[in-house]
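Take a look at the structure set out below.
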Amino acid sequence: VNDVLAQKSVYDVLALNTYAVETAKEKPNFIHDSDEFSFVLEGQMLFHYQGEQYLLSEGDCIFFDGSRPHGGQAYGGKPCKTLLILTPKN
C-alpha cells in the first residue's frame with residue numbers, strides 16, 4: 001500500500017508505504033532514477049541493496065542510490081510502515 005503525500009514527478013515523491021506481512025519467496029527488486037530515503041515508522045523491514053540485506057527497525061532510516069537494485073519487505077510476522085522520499089538525481 002502506497003499513500004502519496006506529495007509528488008512533483010515520478011522521481012520526486014513523498015509517500016507513506018505499508019508493507020504487508022511478507023510471504024513471497026522472491027525479494028523485491030526495484031531500480032529507478034532517483035535517490036531514496038526511507039524511515040521506518042512502525043515494525044521492521046528487511047531491506048535488500050545490491051545483494052546485501054539490512055534489518056531496519058522502528059526509528060531506523062536508510063539513504064541510497066535508487067538506480068541500484070533494491071527493495072524492502074516486512075519482517076518479523078507483522079506489517080511495516082515507512083516514510084519514503086524520492087529525489088531526482090539531477
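Throughout, residue positions are numbered sequentially from 1 according to the sequence presented.
- Side-chain atoms of Phe37 and Cys61, non-hydrogen and from C-beta on, do get closer than 4.5 Å to each other.
- Considering only heavy atoms from C-beta on, Ile62 comes within 4.5 Å of Ser38 through its side chain.
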Test side chain to side chain contact (heavy atoms under 4.5 Å, CB included) on Gln73 and Cys80 and set out the steps. CA-CA 8 Å; Gln73 58 194 115; Cys80 174; over 6 Å; no

Contacts under 3.5 angstrom, residues 53-60 side chains, donor-acceptor by atom type, not counting sequence neighbours:
from: Ser57; atom 1: OG; to: Gln44; atom 2: NE2; distance (Å): 3.0
from: Asp60; atom 1: OD2; to: Ser57; atom 2: N; distance (Å): 2.8

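- In this structure, Thr82 and Phe39 have side chains that are not in contact, with every pair of non-hydrogen atoms separated by 4.5 Å or more.
- Checked against side chain to side chain contact (heavy atoms under 4.5 Å, CB included), Glu36 has the following partners two or more places apart in sequence or in another chain: His32, Phe64, His70, Leu84, Leu86.
- Take Gln50 and apply the side chain to side chain donor-acceptor pair (under 3.5 Å) test, not counting sequence neighbours, and it matches Arg68.
- Here the closest heavy-atom approach between residue Asp35 and residue Phe63 is recorded as CB-CZ, 3.8 Å.
- Both Leu41 and Ile85 sit in one connected hydrophobic cluster of ILVMFWY residues. Membership requires side-chain heavy atoms under 4.5 Å apart, directly or through other members.
- The closest side-chain heavy-atom distance from Lys78 to Glu42 is not below 4.5 Å.
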